[in-house]
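Below, each value reflects all heavy atoms present in this structure, side chains not excepted, and no hydrogens, waters or symmetry copies. In each ligand, atom 1 is the first atom listed, and ligand 1 is the first ligand listed.
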Amino acid sequence: MRTQVAIIGGGPAGLLLSQLLHTNGIDTVLLERRTREHVLSRIRAGVLESGTVALMQQAGVGERVNDEGQVHEGAVIAAAGRMQRIDFSKLTGRHVTIYGQTEVTRDLYEARDAAEAVTLHECAGVKPHDIDTDAPYVTFLQGGKVHRLDCEFIAGCDGFHGPCRQAIPEARRTEYEKTYPFGWLGVLSETPPVASELIYAGSERGFALCSMRNETLSRYYVQCALSDSPEDWDDDMFWDELRRRLPEEVAANLETGPSVEKSIAPLRSFVCEPMRWGRLFLCGDAAHIVPPTGAKGLNTAASDVHYLFQALKAHFQNKNDALLDSYSTDALARIWKTERFSWWMTNLLHRYPEQTPFDIALQNAELDYIAQSTAAQQALAENYVGLPY
Ligand code: FAS
Ligand code: PHB
């Protein structure tokens with residue numbers, strides 16, 4: 001089997017890259033470890049930057065997100081006794097779109113089907129080879145047989161636990177990591193959202209987030225202990241704790257119902273440098289992770305895809321490798337800014353186990369500053385809607 005670009009991983013990064021390359025006549029084969037149903041069962045991100053939506057349109061999958069995605073022109077920070085709306089449109093002229101990652105992957109899978117693209121599922125033992133030569137290849141097990149896929153480039157879109165990052169020699173990799181002493185317990189409920197915009201709440205009991213997928217599907221999160229498991233929280237316990245962390249006037253409007261999904265995600269900041277080794281290019285969670293507080297995970301995978309797509313297009317169409325050579329530097333410059341913003345939003349709104357009164361006073365001073373300064377609100381807004389590519 002041969003292709004121009006082998007893509008390892010069928011999450012949003014791999015699917016979006018394969019579809020963008022296809023629209024420019026560049027052949028790909030995508031190798032995914034899990035079944036399509038499993039990939040589509042994941043409940044993850046919900047907020048799309050305008051750049052991510054633009055990439056979906058460029059990839060020919062912009063119709064449903066345009067029809068069903070909800071444009072949000074602001075969000076509320078509820079902490080320190082106040083509800084502070086951050087007006088994205090007024091402060092930046094831009095907005096975000098509420099559209100679940102599950103739907104993004106669904107749209108991309110359907111586009112790959114329509115293009116009769118080669119997307120192989122249940123591929124086991126996927127392994128990149130000879131990445132530091134001009135004839136790399138990938139081996140994998142599928143249907144009880146070992147297969148070899150020869151290619152010109154390999155895109156490592158295999159997420160945090162995939163094999164591609166490890167294919168870069170350990171001695172040449174620099175990995176930066178920060179783990180947070182708490183997680184997020186997330187609940188999906190078939191109930192109307194408590195508010196028309198997202199509410200990021202900080203309280204002495206910890207962080208909470210009120211989000212949604214559409215007018216009848218709500219997504220809520222509460223900060224929880226790393227030692228917790230979803231089974232420790234029955235629905236009533238979750239709703240009671242969420243109410244305690246919200247302003248009274250919001251809690252009074254909360255419509256509860258049975259959870260249709262309940263999961264805990266640990267919070268971590270992680271960056272691997274470089275993101276390229278020979279003919280292997282890392283993309284998305286394979287290279288970096290952010291705490292979800294800034295709604296950046298999926299969107300930073302999308303910006304990596306933008307840089308890698310432009311670089312591969314320049315190679316195949318103009319025999320120009322300048323963008324391939326600058327890919328890691330270009331992608332990391334934006335990634336580190338999203339790491340900073342996600343870390344900053346997390347510090348602003350979460351309660352840490354060993355927090356001192358001084359730490360809490362600093363949090364409140366930051367919240368006061370945001371409430372009183374248009375410049376501070378603009379800085380938050382321009383990071384949240386997405387920095388330029
Ligand atoms: P993904 O992890 O989505 O996709 C990688 C793919 O590679 C997977 O399908 C995996 O099965 C496949 N793979 C792995 N190993 C392989 C192998 N050996 N061979 C072949 N395939 C392999 N971001 C937000 O913005 N907001 C959120 O609320 C949010 N919540 C999250 C909750 C959880 C539990 C997690 C894990 C992440 C969350 N994220 C959130 C971040 C998330 O959305 C990621 O940023 C996004 O999925 C990144 O997309 P990919 O880079 O494609 O990685
Ligand atoms: C979500 O809707 O899942 C969501 C929204 C904003 C975040 C994180 C998650 O910052």
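Both the backbone and the side chain of D285 come within 4.0 Å of ligand 1, counting heavy atoms alone. Looking at N299 against ligand 1, nothing comes within 4.0 Å, counting heavy atoms. Contacts with ligand 1 closer than 4.0 Å are made by side-chain heavy atoms of Y221 only, the backbone lying farther away. At a heavy-atom cutoff of 4.0 Å, ligand 1 is contacted by no atom of H161, backbone or side chain. The part of A265 lying near ligand 1 is the side chain, judged by heavy-atom distances below 4.0 Å. At a heavy-atom distance under 4.0 Å, only side-chain atoms of S211, from C-beta outward, approach ligand 2. Of the heavy atoms in R44, only backbone atoms (N, CA, C, O) come closer than 4.0 Å to ligand 2. At a heavy-atom cutoff of 4.0 Å, ligand 1 is contacted by no atom of A286, backbone or side chain. Of the heavy atoms in W184, only side-chain atoms (C-beta onward) come closer than 4.0 Å to ligand 2. Residue contacts with ligand 2 for I98 are absent, since no atom lies close enough (heavy atoms, distance under 4.0 Å).
A salt bridge between D67 and R64 is absent, with no side-chain N of the basic residue lying under 4.0 Å from a carboxylate O of the acidic one. A salt bridge does not link E103 with R42: every distance from a Lys NZ or Arg NE/NH1/NH2 to an Asp or Glu carboxylate oxygen is 4.0 Å or more. Salt-bridge formation is detected for the pair R82/D368: a Lys NZ or Arg NE/NH1/NH2 atom is positioned less than 4.0 Å from an Asp or Glu carboxylate oxygen.
Annotation for Q377 and A371: closest pair NE2-O, 3.5 Å, computed over non-hydrogen atoms. Nearest heavy-atom pair, P291 versus W343, reported as atom, atom and distance to 0.1 Å: CG-N, 4.4 Å. Nearest heavy-atom pair across P192 and Y220 is O-OH, 4.0 Å.
For the ligand labelled ligand 1, residue F160 lies outside the 4.0 Å heavy-atom shell. Within the 4.0 Å heavy-atom shell around ligand 1 one does not find R219. Taking a 4.0 Å cut-off on heavy atoms, R34 registers as neighbouring ligand 1.
By the 6.0 Å and 45° rule, R276 does not stack over the aromatic ring of F281. No cation-pi contact links K313 to F316, judged by a cut-off of 6.0 Å to the six-membered ring centre and 45° from its axis.
Shown in contact with R219 at under 4.0 Å from a heavy atom are these atoms of ligand 2, numbered in order with element: 3 (O). Close contacts of ligand 1 with G159, meaning ligand atoms under 4.0 Å from a residue heavy atom, involve 2 (O), 5 (C), 53 (O).
Residue A13 has at least one N or O atom closer than 3.5 Å to an N or O atom of ligand 1. At least one N or O atom of Y200 sits closer than 3.5 Å to an N or O atom of ligand 2. Among the atoms of P292, some N or O lies under 3.5 angstrom from an N or O of ligand 2. Checking only distances, A301 never comes within under 3.5 Å of ligand 1, N or O to N or O.
Distances from atom 26 (N) of ligand 1 to the heavy atoms of G9, G297, A45 put A45 nearest. Between the choices R42, R36, R44, the shortest heavy-atom distance to atom 33 (C) of ligand 1 belongs to R44. The option from T300, D158, L267, D304 that lies nearest to atom 13 (N) of ligand 1, judged by heavy atoms, is D158.
Under the 6.0 Å cut-off for aromatic ring centres, Y176 and H288 do not qualify, their centroids lying 6.0 Å or more apart. Two rings, from H306 and Y389, have their centers less than 6.0 Å apart. Ring centers of F207 and Y221: at least 6.0 Å apart, outside the cut-off.
Summarising the geometry, atom SG belonging to C272 is positioned 11.5 Å from atom CD belonging to E177; distances are rounded to the nearest 0.5 Å. Distance check, rounded to the nearest 0.5 Å: CZ of R165 to CZ of R173 gives 7.0 Å.
Residue I26 is tested with V5, T3, L20, L17 for a side-chain contact (heavy atoms from CB on, under 4.5 Å); the sole match is V5.
Of all protein heavy atoms, the one closest to atom 3 (O) of ligand 2 is Y221 OH, 2.6 Å.
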